[in-house]
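One structure is given here, and the rest of the page talks about it.
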Protein chains: 2
Amino acid sequence: MTQTPIDTPTQTPPGAEVRWLDAEQQAAWRALLTGTSVLFEALGRDLEHGTGLSLHEYEVLVRLSEAPGRVLRMSVLAEELVHSRSRLTHTVSRMERDGLVSRCSSSQDGRGVDCMLTDAGMARLEEAAPVHVASVRRRLIGALSREQLLDLGVAFNQIDDAVRAHRS
Amino acid sequence: MTQTPIDTPTQTPPGAEVRWLDAEQQAAWRALLTGTSVLFEALGRDLEHGTGLSLHEYEVLVRLSEAPGRVLRMSVLAEELVHSRSRLTHTVSRMERDGLVSRCSSSQDGRGVDCMLTDAGMARLEEAAPVHVASVRRRLIGALSREQLLDLGVAFNQIDDAVRAHRS
DNA sequence: AACGAGTAGTTGAACGTTGTAGTAATGAGG
DNA sequence: CCTCATTACTACAACGTTCAACTACTCGTT
């Protein structure tokens, strides 16, 4: 059923022949690709249906709730969430319109903007958290042994480090 | 720095107290969340810059190239890629406009539509594959031991199964 | 053979994201 | 103290995705 799609690799820059993935590597990579899609789709749907928040909005609330004074610079927030600045601006604008966060220009650095969690935002987070935690337990944690979960954490930290190192 | 954001969980439906995640589970889940964002962002950018294809478009090409006759029903393709039907329709419409695939209504079932990889699409895939494989090697495979990678594949297959089982 | 229920795919509008510019504030060098 | 480079964020437009109809076909009943 699965025939090799490509057996004559085209040339890459100078003389660098590409080593293809073997069957096991292929399968693992494919499982990661599909598994993450299925997982995040399910988590997003659970949260959306249960609380009206998207995963991204929820993450914004979480990060702010953990910050001292419940305040973070927009750029720091963008960095933590791995979002573009532009994307974060839009997301935060919507959340500000809904009263979950508020913005004011930073006192330290006139260029910066501070984003603060409002009481309403905190209340919304407290309401959403049990729904989300239950969802994560059911979809992710329940599917793995404790060791598998922790190994998975280690692996993704390594991946994260590798990717960031490769473009500094 | 990281204070507990929520210590008084609100009530969930009937008497079901939520068990919170312990610190290790939290850390693992957070690593997964951030790691996948960083990884897919990097893979997407590598591919986009190197070939002008998005990861999604690339996956469409791959699945078609592996199918017998390089043809798949739209619904099968949507299922494999974990995309909504509507999303796939839009994506395929753009790809058809660019000459990478073609569509014709299925001879078996008048409701169905077959999507076929064109020669141009196959050529485009052969051109993109080495770029993508190199990227996956660099970002993902190079960051892990072989065993870690295979374990990761196993874990995501379990997650996939669990999620799908929970909504059949 | 005609109905209704169900399935397959498309459409269009609303929404969210990305990329490209643009504005504003800081800070180093002349 | 003025410029130029840098950093921080926002605005706008192009693009992609989602959601809710809508069309078209199939299949099991009656």
Side-chain angles (χ1 to χ4, degrees), chain A residues 36-38 40-49 52-60 64 71-98 100-116 168, chain B residues 36-38 40-50 52-61 64 71-98 100-116 168:
Chain A
T36 51
S37 294
V38 168
F40 286 114
E41 196 275 332
L43 294 177
R45 215 165 27 74
D46 287 346
L47 190 63
E48 189 83 51
H49 285 207
L53 290 170
S54 74
L55 267 180
H56 296 316
E57 292 166 334
Y58 181 82
E59 272 303 305
V60 170
L64 287 176
V71 173
L72 280 178
R73 281 284 282 275
M74 289 291 281
S75 54
V76 173
L77 199 46
E79 171 68 20
E80 286 195 9
L81 298 173
V82 197
H83 286 196
S84 68
R85 284 158 198 280
S86 167
R87 178 182 182 177
L88 184 64
T89 296
H90 287 300
T91 302
V92 166
S93 297
R94 286 188 296 271
M95 294 177 73
E96 188 173 37
R97 186 200 55 202
D98 298 345
L100 303 177
V101 302
S102 64
R103 273 180 295 191
C104 57
S105 67
S106 168
S107 37
Q108 332 293 333
D109 183 340
R111 294 168 298 183
V113 172
D114 283 339
C115 182
M116 184 172 69
S168 55
Chain B
T36 52
S37 291
V38 168
F40 286 114
E41 196 276 332
L43 293 177
R45 215 167 26 76
D46 288 347
L47 190 64
E48 189 82 51
H49 285 206
L53 290 170
S54 74
L55 267 181
H56 296 316
E57 292 167 334
Y58 181 82
E59 272 303 305
V60 170
L61 297 179
L64 288 176
V71 173
L72 279 178
R73 280 283 285 273
M74 289 291 283
S75 54
V76 173
L77 200 46
E79 172 68 19
E80 286 194 8
L81 298 172
V82 197
H83 286 198
S84 68
R85 287 158 196 277
S86 163
R87 178 183 182 179
L88 184 65
T89 295
H90 287 302
T91 302
V92 165
S93 296
R94 288 187 295 270
M95 294 176 74
E96 188 172 37
R97 186 201 55 203
D98 298 345
L100 302 177
V101 301
S102 64
R103 271 181 295 191
C104 56
S105 68
S106 167
S107 36
Q108 332 292 333
D109 184 340
R111 295 167 298 181
V113 170
D114 283 338
C115 183
M116 186 172 67
S168 54

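Only a predicted model underlies this, so the values are computations on that prediction, with no experimental measurement involved.
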B/M74 atom CE is separated from C/dT11 atom P, nearest whole Å, by 10 Å

From CZ of B/F40 across to C1' of C/dT18 the rounded distance in Å is 19 Å

Between B/R94 and D/dC15, is there a contact of a side-chain N or O with OP1 or OP2 at under 4.0 Å?
no

What's B/T91 touching, base or sugar-phosphate or nothing? Going by heavy atoms closer than 4.0 Å.
sugar-phosphate

Are side-chain heavy atoms of A/H90 and A/R87 found at a separation under 4.5 Å?
no

Between D/dT26 and B/R111, is there an OP1 or OP2 to side-chain N/O distance shorter than 4.0 Å?
no

Separation of C/dG9 atom C1' from B/L72 atom CG, nearest Å, is 16 Å

Expressed as a whole number of angstroms, how long is the span from A/H56:NE2 to C/dC15:C1'?
13 Å

Are A/T89 and D/dT10 close enough that a side-chain N or O sits under 4.0 Å from OP1 or OP2?
yes

May I ask you to test the A/L100-A/V60 pair for a side-chain heavy-atom distance under 4.5 Å?
no

Look at A/R73 and D/dC9 and indicate whether a side-chain polar atom (N or O) is within less than 4.0 Å of OP1 or OP2.
yes

Quickly work out the A/H90 NE2 to D/dA14 P distance and round it to whole Å.
14 Å

What's the CG-P distance between A/L81 and C/dT17, to the nearest Å?
12 Å

Pick the nucleotide of DNA chain C nearest each of B/H49 and A/E57; which residue has the one closer to the 5' end?
A/E57

Between A/R73 and A/D109, does a side-chain contact (heavy atoms from CB on, under 4.5 Å) hold up when you go through it step by step?
CA-CA 10 Å; A/R73 281 284 282 275; A/D109 183 340; 3.9 Å; yes

Under 4.0 Å between a side-chain N/O of A/S84 and OP1 or OP2 of C/dT18, yes or no?
yes

Base, sugar-phosphate, or nothing for B/S105, non-hydrogen atoms under 4.0 angstrom?
nothing

Side chains of A/M74 and A/R103: closer than 4.5 Å at any heavy-atom pair?
yes

Quick one: on DNA chain D, does A/E48 or A/S75 contact a more 5' nucleotide (nearest heavy atom)?
A/S75

Quick one: is C/dG9 close enough that its OP1 or OP2 comes under 4.0 Å of any side-chain N or O from B/R87?
no

Taking 4.0 Å as the cut-off, does a side-chain nitrogen or oxygen of B/R103 come that near to OP1 or OP2 on C/dT10?
yes

Let me know the distance between CZ of A/R85 and C1' of D/dC9, rounded to the nearest Å.
8 Å

From CG of B/L55 over to P of C/dT18, roughly how many Å is that when rounded to an integer?
13 Å

Looking at A/S106, does any N or O in its side chain come under 4.0 Å of the phosphate oxygens OP1/OP2 on D/dA8?
no

Verdict with reasoning, B/L72 to B/C115, per side-chain contact (heavy atoms from CB on, under 4.5 Å):
CA-CA 5 Å; B/L72 279 178; B/C115 183; 5.6 Å; no

